[in-house]
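Below: one structure, written as structure tokens.
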Amino acid sequence: MELPGRPRRNRKSAAIRGLTRQTRLSVEQLIYPLFVHEDAGDHALESMPGVTRWSPEGLLREAERARKLGIGAVVLFPKVPEARKSPDGAEALNPDGLVPRCVRALKQALPELCVITDVALDPYNSDGHDGLWRDGRVLNDDTVAVLCEQALVHARAGADIVAPSDMMDGRVGEIRAALESADFDDVGILSYTAKYASAFYGPFRGALDSAPRAGDKKTYQMDPANGREALREAALDEAEGADMLMVKPAGPYLDVIAAVRAATTLPVAAYQVSGEYLMLKAASQSGWLDERAVVLESLTAIARAGADMILTYYAPQAARWLGE
Ligand code: PBG
């Protein structure tokens, strides 16, 4: 048969497939999200099998284990005791709070580990919103002022990168200015640029007891139906001084990752969120899917779409699989 081309020639052997492979997943691309609480013991999360909420000591051990696997970066998410939550989320600004303490301990024990912190008020706020909640709505500019202080608390503790996940307008520029004026010009901003109001965050909120007590997050997180709007967010974040842009969730939003990738010269991150983790984990535990194969395929697809780095709860397992 005469054909204009035979693409199968490039798939003929493992060696040729290796030569022609476009996307190569590497452990260096992975960011490991870690849950932490103030209690002494570590707590295996029932809502996220295989994921643990760590004590400060457990966190250090886990970070060390991750380092040995070649993982270069972690991002911290705290569970704040109910008694320390308040309408103004004041605990977010406590210099001796859980996150600053953990950042200091991590940077001391593992100076080469990149420590990223989440900037938003939902774990600290008795209303469970990422911003200040007044009369049934989330205030934008008043929230941004608090987020700047929160970012400074993290920077003073030694955070390498702050990651605002709140989706308030203008927060990247204000946080950048606050960091500059406090001489933290080397602290980066990984902006949650296109963060969707997604049902895939359910297990995460269960892990931290951080679900909104009233209302939902649709007035600040993006409508899952919108793609173009992600480019508007990306342009604003870039103009405001973000160092990296994030799309979240990842798997169901590959088109958004690809569009943001094409629209910016900044590095792009994607967050394979708790619900995505849980889908892969549940199907694997039932014996319905081959865990290693689907996890590596899903991460490869996220990278192929344009993500330079991927936040995933599978980071340690993926690191091990990639090293084999
Ligand atoms: C909150 C925050 C959320 C996640 C990361 N930061 C939840 C939310 O916005 O309600 C979700 C991560 C996940 O589901 O894995 N600022």
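Using a 4.5 Å cut-off between side-chain heavy atoms of Ile, Leu, Val, Met, Phe, Trp and Tyr, with links allowed through other members, F200 and L289 fall into the same hydrophobic cluster. Following chains of ILVMFWY side-chain contacts shorter than 4.5 Å, one can reach L60 starting from V103, so the two form part of one hydrophobic cluster. Under the 4.5 Å side-chain contact rule for hydrophobic residues, L254 and L25 share a cluster. Criterion: ILVMFWY side-chain heavy atoms under 4.5 Å apart, direct or through other members. Under it, I302 and M279 are part of a common hydrophobic cluster. Grouping the Ile, Leu, Val, Met, Phe, Trp and Tyr side chains by contacts below 4.5 angstrom, directly or via other members, places L208 apart from L278.
Remark: D127 does not engage R134 in a salt bridge, criterion side-chain N to carboxylate O under 4.0 Å. Salt bridge status for R171 with D130: absent, with no side-chain N to carboxylate O gap under 4.0 Å. Note on R261 versus D308: salt bridge recorded, some NZ/NE/NH1/NH2 to OD/OE distance being below 4.0 Å. Using a cut-off of 4.0 Å between Lys/Arg side-chain N and Asp/Glu carboxylate O, E233 and K248 are scored as not salt-bridged. Taking the charged nitrogens against the carboxylate oxygens, E62 and R65 do have a contact shorter than 4.0 Å, which makes a salt bridge. Taking 4.0 Å as the cut-off between side-chain N and carboxylate O, D237 and R176 do not count as a salt-bridged pair.
Under a cut-off of 6.0 angstrom, the local environment of CD in Q285 is crowded, with over 12 non-hydrogen atoms contributed by other residues, nucleotides or ligands. The number of heavy-atom neighbours closer than 6.0 Å to OH of Y32, taken from other residues, nucleotides and ligands shown, is above 12. Shown here is R213, whose CZ atom has more than 12 heavy atoms of other residues, nucleotides or ligands within 6.0 Å. Other residues, nucleotides and ligands contribute over 12 non-hydrogen atoms within 6.0 Å of the CD atom of E324. Residue E112 places its CD atom among more than 12 non-hydrogen atoms of other residues, nucleotides or ligands, all under 6.0 Å distant.
Residues forming a side chain to side chain contact (heavy atoms under 4.5 Å, CB included) with E28 (at least two apart in sequence, or on another chain): S26. Listed by chain and residue number, Y196 satisfy the ring-ring contact (aromatic ring centres under 6.0 Å, His included) test with Y253 (two or more places apart in sequence, or in another chain).
Judged as a ring-ring contact (aromatic ring centres under 6.0 Å, His included), the pairs with a partner in residues 130-182 (not counting sequence neighbours) are, in order, H129-W133. Residues in residues 268-290 take part in these salt bridge (Lys or Arg N to Asp or Glu O under 4.0 Å) pairs, two or more places apart or across chains: K281-E291.
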Below 3.5 Å, can you tabulate the donor-acceptor pairs from side chains in residues 315-323 to any protein atom, sequence neighbours excluded?
none

- Query: Could you go step by step and tell me if V27 and L69 meet the side-chain contact (heavy atoms from CB on, under 4.5 Å) rule?
  - Reply: CA-CA 8 Å; V27 63; L69 289 166; 5.6 Å; no
- Query: Would D160 and L113 satisfy side-chain contact (heavy atoms from CB on, under 4.5 Å), going step by step from the backbone distance to the final call?
  - Reply: CA-CA 9 Å; D160 295 288; L113 180 73; over 6 Å; no
- Audit row: L299, V295, side-chain contact (heavy atoms from CB on, under 4.5 Å) steps and yes/no: CA-CA 6 Å; L299 296 174; V295 168; 4.0 Å; yes
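Of the possible polar contacts, one joining the D243 side chain to the I189 backbone as a donor-acceptor pair under 3.5 Å is found. For R104 (side chain) and D96 (main-chain N/O), no donor-acceptor pair under 3.5 Å exists by modelled atom type.
Using a 30° and 60° split on the angle between ring planes, Y277 and Y313 fall in the perpendicular class, above 60°.
With a 4.5 Å cut-off between side-chain heavy atoms of Ile, Leu, Val, Met, Phe, Trp and Tyr, the cluster of L3 takes in M1.
Between the side chains of S55 and D39, not a single donor N or O lies within less than 3.5 Å of an accepting N or O.
When each of L311, T193, V268 is tested with M246 by the rule side chain to side chain contact (heavy atoms under 4.5 Å, CB included), just one qualifies, namely L311.
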